[in-house]
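For clarity, every value in this text was computed on a predicted model and none was experimentally measured.
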Amino acid sequence: MPTRRTIKSWATVEPQSLGISETYHVPNCVGGEWKDVNISSNDKSLIIPHPLNHDAPLPLYTILDTQVDDLEPFLTSLRRVPKSGRHNPLKDPHRYLEYGEISRRAGEILSSPEGSEFFAQTIIACVPKSHAQAIGEVHVTANFLKNFAGDNVRRLSKSFGVPGDHYGQYSVGHRWPYGPVGLITPFNFPLEIPVLQLMGALYMGNKPFLKPSEQASLVMEQFLRLLHHCGMDMTDVDFLNCRGPVAQELVVQTPVRMTQFTGSSRVGELLAEATRGKIKLEDAGFDWKVLGPDAEGVIDYVAWQCDQDAYALSGQKCSAQSILFVHENYERAGLLDKIRENASKRSLQNLSIGPVLTHTTQEILNKTQELANIPNARILFGGKELENHTIPPCYGAVEPTAVLVPLEEMMKPKYYSMCTTELFAPFQVVTTYNDNTLSLVLEALENMSHHLTAAVVSNDTAFTNQVLAHTVNGTTYAGHRARTTGAPQNHWFGPAGDPRGAGIGTPEAIQMVWSCHREIIHDTIIPSSWTQPLPT
């Protein structure tokens, strides 16, 4: 296992020691300096408990509990940033090349056995997930960074020209930074989501402040130290540990011109109002999967993928399978029994099931029972607390759970909202349909409020086209291998149907989220034959 001694040039923690033999304190970074204390007289820290062991001798780590009165250094830092950004196509273009090299170096370290394992173990310590899930997150992040090595950062700001109306006139369209920006990120992918959005902001010339989730702040603190090691100017990013309302106050008090938020829809709407719409959202996803009529020969694969989509990372993915529409052909072939069998193999020992960090056990069980009380509904499996666990009571600890709700009951107004509200936990709603009730399925999909990911599991072209033509989810998989989870670096990931929607990972996503269009019209040559016309 990597330790501070094997990667001592930038790492400041040993992940395996957290909560056992050391209490690490995560500082802020502002104005190019790491700050270990707040400026307010009643300085205090937030204690992050060990997510797997309520009897751990020490907290997992602590972070600064920054208060509104402590924001002055952040206010000053962000107010110094011009609207034209730290760089743009006409100002300090060498910084595009510098970030290409920083990305190359960081991607190389994350791809090394020592670097990848260090971050995998740091992720697992903060957000318990299987090693395969954690190392996969590191690999996606490393691949993203390598994608933007060399000249590919400046290519994000590639301009285009259009001929003008007369000799000497032409227009050039540029991608222009916003200047001071904000980035507020979630706990569930504590490396991948913050890194992909942070680097996009930096590539385009912005100066971001980064406010990570308190539960996973340590991961990005270590990555920021890695960026400094790779040559990033320490003044390029301000790193803020605080509670949500304090971050909102920073956005409101400074000239932050755009904030990107990934997290719950409730908080996203509050920020949208506070920022007066100057926001890009990748918020909650109640993500659906429709299994088509062509079930023959694919039951085992589809059952495996359904289990992965619903229960990997204990269901705490914004792309997790929230509801499964099962065609009667799959039901007759025994799909639900196979999903139950796969879910039963999940174990706390290998973290294929683990703590839920945003709901308590009782909250999840109450939701389960609420749905099970719908007429003719029933718990297919789960609906119980995990056995023999030491997860703190502030978190959730439940078995993978599925509740079957009849489609006709689900569509009733008094039950629909209840059945289509996301529960960030190892939990899904299951319903069945046939060829005659597909229109009811499409109605259910139309009425959903958030449109992040979806899957149409079918190789039947007519069926697939019918569902795709009547839905809008921004990241939709289609075919027998279709899934709802999957946010690699090679394709767009983000919602559709909302002008505030934020994508991640691709050049198009970076350009859309972290830059705006600026048109410069060059008109330089006055004809020698010009005479002044009459006023108009």
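When atom types are taken as modelled, the side chain of Y416 and the backbone of A444 share a donor-acceptor pair closer than 3.5 angstrom. A donor-acceptor pair under 3.5 Å is absent between the side-chain atoms of D460 and the main chain of D294, judged by distance alone. At distances below 3.5 Å, at least one donor-acceptor pair connects side-chain atoms of Q197 with backbone N or O atoms of G503. A distance-only check finds no donor-acceptor pair linking the side chain of T122 to the backbone of V219 [under 3.5 Å]. Side-chain atoms of W176 never come within 3.5 Å of backbone atoms of K83 as a donor-acceptor pair (strictly under, hydrogens ignored). Put simply, the side chain of H491 never gets that close to the backbone of T506: no donor and acceptor are under 3.5 Å apart. Under a 3.5 Å cut-off, the side chain of S159 and the backbone N or O of H174 do not form any donor-acceptor pair. The closest donor-acceptor contact from the side chain of T401 to the backbone of F427 lies at 3.5 Å or more, if one exists at all. Between the side chain of S265 and the main chain of D283, no donor-acceptor pair closer than 3.5 Å is present. In this structure, the side chain of N459 engages the main chain of H480 through a donor-acceptor pair within 3.5 Å.
Taking V252 as the reference, Q248, A274 meet the side-chain contact (heavy atoms from CB on, under 4.5 Å) condition, with sequence neighbours excluded. With sequence neighbours excluded, no residue satisfies salt bridge (Lys or Arg N to Asp or Glu O under 4.0 Å) with K280. Shown here are the side-chain contact (heavy atoms from CB on, under 4.5 Å) partners of Y301, two or more places apart in sequence or in another chain: W304, Q305, R481. T360 meets the side-chain hydrogen bond (donor to acceptor under 3.5 Å, both in side chains) test with no other residue; sequence neighbours excluded. For V267, the side-chain contact (heavy atoms from CB on, under 4.5 Å) partners are F261, S264, L271, not counting sequence neighbours. For D300, the side-chain contact (heavy atoms from CB on, under 4.5 Å) partners are K338, not counting sequence neighbours.
Listed by first then second residue, pairs satisfying side chain to side chain donor-acceptor pair (under 3.5 Å) with a partner in residues 123-136 read E117-H131, K129-E137, Q133-K317, not counting sequence neighbours. Within the structure, side chain to side chain donor-acceptor pair (under 3.5 Å) pairs that include any residue of residues 371-381 comprise Q369-N373 (at least two apart or interchain). For residues 319-335, the set of pairs meeting the salt bridge (charged side-chain N to carboxylate O under 4.0 Å, His left out) definition, not counting sequence neighbours, comprises E328-R332. Listed by first and then second residue, the salt bridge (charged side-chain N to carboxylate O under 4.0 Å, His left out) pairs involving residues 429-453 amount to none (not counting sequence neighbours). Evaluation of the salt bridge (charged side-chain N to carboxylate O under 4.0 Å, His left out) test over residues 193-219, restricted to residues two or more places apart or in two chains, returns K207-D238, K211-E214.
Two residues are said to be in side-chain contact when any heavy atoms from C-beta on lie closer than 4.5 Å; L442 and Q466 meet this criterion. At least one side-chain heavy atom of L351 sits less than 4.5 Å from a side-chain heavy atom of L52. Counting heavy atoms from C-beta on, the side chains of L371 and I374 come closer than 4.5 Å. The shortest distance between side-chain heavy atoms of F493 and L196 does not fall below 4.5 Å.
Between G315 and A320, the closest heavy-atom pair is O-CB, 3.6 Å. The two atoms that bring Y433 and G292 nearest to each other are OH-CA, 3.8 Å, heavy atoms only. Shown here for G494 and T475, the closest heavy-atom pair between the two residues is N-OG1, 3.0 Å. Pairing each heavy atom of A106 with each of L227, the nearest pair is CB-CD2, 4.3 Å. Taking both residues in full, the closest heavy atoms of E282 and P495 are given as CG-CD, 4.0 Å, listed atom of the first, atom of the second, then distance. Here the shortest heavy-atom pairing between M258 and V513 reads CE-O, 3.1 Å.
Below 30°, between 30° and 60°, or above 60°: for Y203 and F144 the angle between ring planes is below 30°, a parallel geometry.
Annotation: the span from M199 atom CE to T141 atom OG1 amounts to 11.0 Å, rounded to 0.5 Å. Atom OG1 of residue T485 and atom CG of residue L313 lie 10.0 Å apart, to the nearest 0.5 angstrom. The distance from the CG atom of L407 to the CZ atom of F325 is 6.5 Å, given to the nearest 0.5 Å. With rounding to the nearest 0.5 angstrom, the OG1 atom of T421 is 10.5 Å from the CE atom of M448. Residue F286 holds its CZ atom at 10.0 Å from CD of Q321, rounded to the nearest 0.5 Å. Expressed to the nearest 0.5 Å, how far CD of E409 lies from CG of L404 amounts to 11.5 Å.
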Applying side-chain contact (heavy atoms from CB on, under 4.5 Å), run through L324 and I339 and close with a yes or a no. CA-CA 11 Å; L324 179 64; I339 296 176; 3.9 Å; yes
Take D287 and S319 through the side chain to side chain donor-acceptor pair (under 3.5 Å) test and state the conclusion after the steps. CA-CA 6 Å; D287 305 303; S319 57; 5.5 Å; no
Carefully, step by step, assess R500 and E269 under the rule salt bridge (Lys or Arg N to Asp or Glu O under 4.0 Å). CA-CA 11 Å; R500 305 167 302 177; E269 292 301 330; 2.9 Å; yes
Steps toward side-chain contact (heavy atoms from CB on, under 4.5 Å) verdict (Y395, Q215): CA-CA 11 Å; Y395 299 139; Q215 291 142 320; 4.1 Å; yes
Is there a side-chain contact (heavy atoms from CB on, under 4.5 Å) between L110 and K146 once you walk through the steps? CA-CA 10 Å; L110 256 64; K146 290 185 286 187; over 6 Å; no
Apply side-chain contact (heavy atoms from CB on, under 4.5 Å) to the pair Y477 and K289, showing each step before the final yes or no. CA-CA 9 Å; Y477 288 86; K289 179 183 286 182; over 6 Å; no
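Atom OH of Y170 has 12 or fewer heavy atoms from other residues, nucleotides or ligands within 6.0 Å. Under a cut-off of 6.0 angstrom, the local environment of CD in E273 is sparse, with at most 12 non-hydrogen atoms contributed by other residues, nucleotides or ligands.
Each of T484, T471, N473, T476 was scored for a side chain to side chain donor-acceptor pair (under 3.5 Å) with W288, with one residue passing: N473. Test K158, M512, H517 against R175 for side-chain contact (heavy atoms from CB on, under 4.5 Å) and you get one pass: H517.
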Using residues 178-194 as the side-chain source, report each donor-acceptor pair under 3.5 Å to any protein atom, sequence neighbours left out, with the distance given to one decimal.
{"residue": "Y178", "atom": "OH", "partner": "S515", "partner atom": "O", "Å": "3.4"}
{"residue": "N188", "atom": "ND2", "partner": "Q316", "partner atom": "O", "Å": "3.1"}

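Between the side chains of T262 and Q260, at least one donor N or O lies within less than 3.5 Å of an accepting N or O. No hydrogens or angles considered: a donor-acceptor pair under 3.5 Å links the side chains of Q362 and N366.
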